[in-house]
Amino acid sequence: MSTLNIPQTSLVVLVGISGSGKSSFAAEHFGAFEVLSSDYFRGLVGNDPSDQSVTAAAFDALNYVAGKRLAAGLLTVVDATSLQPGDRKKLVDLAKSHDTLAVALVLDTPLRTCLERNEKRGLDQVPAAVIDRQHRQLRKHLRGIRREGFARVHILEPDTDVSQVTIHRHKLLNDFRDHTGPFDVIGDVHGCLDELQRLLQKLGYTLRFDSRGRAVDASHDEARRAIFVGDLVDRGPDSAGVLRLVMGMVRAGHALAVPGNHEDKLVRALRGRKVTLNHGLGETLEQLAAEGEQFQREVERFCDSLVSHMVLDDGRLVVAHAGLLEEYQGRASQRVRAFALYGQVTGEVDEYGLPIRYPWANDYRGLAAVLYGHTPVTEVEWVNNTACLDTGCVFGGTLSAMRYPEREIVQVAAAEQYCEPARPLEPVGGPARADHVMDMKDVTGPLVLKADGLGTVKIGEAQAAGALETISRFATDPRWLRYLPPTMSPCESSKLPDYLEHPAEAFDYFRKQGVAQVICQEKHMGSRAVLLLAKNPERFAAPDGWLGALHTRTGRPFLEHAAEQKLLRGAHAAAERAGLFRELASDWVILDGELLPWSLKAQELITGTYASVGAAASTATDAALSALRRAEANGLEVADLLERTSARAQNAKAFRESYRRYVGSPEELSFAAFQILASEGQSHETRSHDWHMSWGQRLHEADDTLFTSTRNRVVTVEDEQEVVAAVRWWDELTAAGGEGMVVKPLENLVKGKRGWVQPGLKVRGREYLRLIYGPDYLEPGNLDRLRERATDRKRQRALQEYLLGLQALRLTASGAPLWQVHQYVFGVLALESEPLDPRL
């Protein structure tokens, strides 16, 4: 059996004459969507797979689709004859344009076999002369294919048993996604062996020495591994010693390494290529020569084996010597390697005669953290989720390492200045934008926002434009706008008489999703609010004395400054008494809840809409009743109309009672906390809701005036008695004037049978829904129409907003750049800008 190795991300070009078996081979070894057939594309553009007159248009379409697949990192197979070198060159160039490897798979099937297969095609036969000509073309160019730029060429010789061939898809050499750490990423060493040994010991590594006292390995008791960002050699006093130690660590599995531009030049020098012996290379070659030829060969093999960059920890970390753009990560091409080793220059030189490097990190928007070196800087700083670790040790600075995932910097000072820098060291990234300033590129649609491990949400251009004015003109300060709550979908419409919503439908949804237990929480008649409490203003770049913020679910401040400060002081005191900061080991916390009373935010709605509608309805129905009663007294047949009008009068009265019960005084301000969203180092979506509810109760006990408790109960959805009891509890809540309840999966973030489960479904009471749908909504004809309401889009939006909000919280907790957090906050607001039925 013959095994063909193919990179799992590549462009595979099938080469073979008509009848060689390309299409059958492709169908057997590759997926249906992976194979792009020229015949199929002829059919797409000309309605006939054999119509040669549309070949040019067919290949235009095929190349376009292939390009889109390669851009997405998908393996793509081109099923065409590809017999001419020019045709193959176009495909190789296409792969290179997407920094993807191209592989040629040649089926050198005997001519007789191809002709026999062709005869069996019936009406689809290709002229025998054409096949003969194709065979001559293949034989003429066969051996030259290996020089056409393909990363790999597989030729199935005429005597190959194709049925015994298997395809093995292998990872790219830069794919270390399954290496999850923890790591210690070390900046440019440049021959500073003493500093490297001290840094490794400070990081907790134990050095191992050979019989001559030379360091040859270092290991960590906690199974941490070092990653070297390149430029191990040149300029410093002992490049040979650094190489010996690093090669030993890599050989023993205690370290990984990527090459720097100095290693790249060293390999060329060791191979006898003509290079300029500057920047310390001459001294390095002398040191290596003193070690003997065997050591030099080991160094050459080691440096040559290093891969341009590494993608680690499931794509969360990228290490490259000079950094790497997002679109280059996990790709393979000369362009990618050149950027990884040398970075990007502007084409200009500075006053020292050195090329000016483009500050690519200022424009970086990738989700992966990029750690790099190459350009010596005065200190390690995060710029848009990137950090340069070259702090100029060889120039008398420090040798730096970053612990990952902790993002902790560990440094040792250089023993001396070994080399004079060609230009002074400078801060990384050049002038950085102020932390609270948003860049239009961050929020201009269309956007594709990836919530780590949760899914991807696409934001359209129109949605982004709709949110831009709100967030720029009306939202609270972006430094502390770290989360927007998702909208909440109602349950499906009830089939019970006189009910639009009922708990049975909510329980049924979670039961079908495979959720065993839910928690039913009292739905307060308040306004959704986010409360950020912070003991350390510096954490949020806030002024001294800043205590936090309170904002609406669209990011607007809730209260005037004085009222907000009063609430924040009280909330801080209650949180301290409850032990919230202490037990979470955090000096800040974000809470999700409801601000009461509802009239605090909805006063204009009450007076301008509900009150006027209620007054008009009552006045009109009272006048109509009076007239109808007089008509009945005069002997007119108005009994049916009188009955209907009486019902409408009762509905109007019920409508007025519905909104009046929710009117309260601003002096009765309180907050019902039902979820702890995030604190330093962690978000809390994986903690069960009964844990969150216990904290809400503790805050209430710490200050029962400021913090309102939330009644709740856990229900096993397969237990009929518990379900019946929960329905009765909901009836009692709503009969007493409550808005209703929210049903949530007890375990919080849950994946069900059809993907992520809704974070909560609201089940509103009959009388509260009168406010939403009008006084007469329960009349049979009206209720039948309302039951046709579509909740699918509302539910989809609720889930998308929920996932974006979780990612914003996770990024905030981890200390990610503010712009990155705000992309997800903005995404929630952008989804809200698309109109849906506001009554849902």
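- Ionic pairing of E739 and K762 is not present here: no N-O contact between side-chain nitrogen and carboxylate oxygen is shorter than 4.0 angstrom.
- In this structure the side chain of T812 never reaches within 4.5 angstrom of the side chain of Y483, judged on heavy atoms.
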For E832 and L484, run side-chain contact (heavy atoms from CB on, under 4.5 Å): C-alpha distance rounded to whole Å, both residues' side-chain angles, the deciding distance at 0.1 Å, then the answer.
CA-CA 11 Å; E832 281 292 305; L484 291 179; over 6 Å; no

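- Residues H689 and Q675 form a side-chain contact, since some pair of their non-hydrogen atoms from C-beta on lies under 4.5 Å apart.
- If you take CG on L809 and CD on Q682, they are separated by 12.0 Å, rounding to the nearest 0.5 Å.
- Side-chain atoms of D690 and S688 include a donor-acceptor pair closer than 3.5 Å.
- The 12-atom threshold is exceeded at CD of E701, counting heavy atoms of other residues, nucleotides or ligands nearer than 6.0 Å.
- Counting heavy atoms from C-beta on, the side chains of V723 and E718 never come closer than 4.5 Å.
- To the nearest 0.5 Å, the span separating CD on E801 from CZ on R797 amounts to 6.0 Å.
- The backbone N or O of W588 sits less than 3.5 Å from a side-chain atom of S586, completing a donor-acceptor pair.
- Atom CD in E492 sits 10.5 Å away from atom CD in E501 (nearest 0.5 Å).
- Residues H684 and R687 come closest through the heavy atom pair ND1-NE, 3.0 Å.
- The shortest distance between side-chain heavy atoms of W691 and N748 does not fall below 4.5 Å.
- Pairs passing the ring-ring contact (aromatic ring centres under 6.0 Å, His included) check and including a residue from residues 704-742, sequence neighbours excluded, read H502-W730.
- For L547, the side chain to side chain contact (heavy atoms under 4.5 Å, CB included) test picks out Q565, L568, R569, H572, with sequence neighbours left out.
- S489 and T791 share no donor-acceptor pair across their side chains, judged by distance under 3.5 Å alone.
- To the nearest 0.5 Å, atoms CH2 (W546) and CZ (R539) are separated by 10.0 Å.
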Tabulate below the donor-acceptor pairs under 3.5 Å that side-chain atoms of residues 452-464 make, not counting sequence neighbours, or state none.
from	atom 1	to	atom 2	distance (Å)
D452	OD2	R316	NE	3.0
Q463	OE1	G460	N	2.7
Q463	NE2	E834	OE1	2.9

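- Nearest heavy-atom pair, A575 versus L699, reported as atom, atom and distance to 0.1 Å: CA-CD2, 3.9 Å.
- At least one side-chain heavy atom of L468 sits under 4.5 Å from a side-chain heavy atom of F826.
- The closest donor-acceptor contact from the side chain of E594 to the backbone of S527 lies under 3.5 Å.
- Although no hydrogens or angles enter the test, the distance criterion places no donor-acceptor pair under 3.5 Å between the side chain of N782 and the main chain of L778.
- Annotation: the span from R764 atom CZ to M525 atom CE amounts to 10.5 Å, rounded to 0.5 Å.
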Verify salt bridge (Lys or Arg N to Asp or Glu O under 4.0 Å) between K535 and E576, making sure each step is shown before the conclusion.
CA-CA 10 Å; K535 297 168 66 176; E576 290 285 6; 3.0 Å; yes

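- Expressed to the nearest 0.5 Å, how far CH2 of W756 lies from CG of L749 amounts to 4.5 Å.
- When all heavy atoms are compared, the tightest approach of G760 to M488 is O-CG, 3.8 Å.
- The two residues D719 and Q721 have their closest heavy-atom pair at OD1-N, 3.0 Å.
- Atom CZ of R713 sits in a crowded spot, with more than 12 heavy atoms from other residues, nucleotides or ligands closer than 6.0 Å.
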Yes or no on side chain to side chain donor-acceptor pair (under 3.5 Å) for R789 and S493, after CA distance, side-chain angles and deciding distance?
CA-CA 8 Å; R789 60 186 186 163; S493 300; 3.0 Å; yes

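- Judged by distance alone, the side chain of D776 and the main-chain N or O of E779 form no donor-acceptor pair under 3.5 Å.
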Let's go through Q807 and Q823 carefully: what are the C-alpha distance in whole Å and the side-chain angles of both, what is the deciding distance for side-chain contact (heavy atoms from CB on, under 4.5 Å) to 0.1 Å, and is it a yes or a no?
CA-CA 10 Å; Q807 182 69 4; Q823 279 197 312; over 6 Å; no

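- For the pair V530 and P485, the minimum side-chain heavy-atom distance is below 4.5 Å.
- Both the sub-6.0 Å distance and the 45° axial angle are satisfied by R795 relative to the ring of Y509.
- In this structure, the side chains of Y768 and K523 stay at 4.5 Å or more apart for every pair of heavy atoms.
- Here the closest non-hydrogen pair linking T710 and N712 is O-ND2, 3.0 Å.
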Would you please test L559 and L669 for side-chain contact (heavy atoms from CB on, under 4.5 Å) and show each step?
CA-CA 11 Å; L559 306 171; L669 191 69; 3.9 Å; yes

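- With R511 contributing its side chain and V717 its backbone, the two residues share a donor-acceptor pair below 3.5 Å.
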Start with the C-alpha gap between E732 and R728, add the side-chain angles, then the distance that decides, and say whether side-chain contact (heavy atoms from CB on, under 4.5 Å) holds.
CA-CA 6 Å; E732 293 169 355; R728 186 166 56 248; 3.8 Å; yes

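- Checking side-chain atoms of H551 against main-chain N and O of D477 turns up no donor-acceptor pair under 3.5 Å.
- Under the 3.5 Å distance criterion, with hydrogens and angles disregarded, no donor-acceptor pair is assigned to the side chains of E767 and T734.
- In this structure, R787 pairs ionically with D784, as a charged nitrogen and a carboxylate oxygen lie closer than 4.0 Å.
- A side-chain donor-acceptor contact under 3.5 Å links H692 to the backbone of I676.
- At least one side-chain heavy atom of R553 sits less than 4.5 Å from a side-chain heavy atom of T487.
- When all heavy atoms are compared, the tightest approach of L481 to H822 is O-NE2, 3.2 Å.
- In this structure, the side chain of T552 engages the main chain of T554 through a donor-acceptor pair within 3.5 Å.
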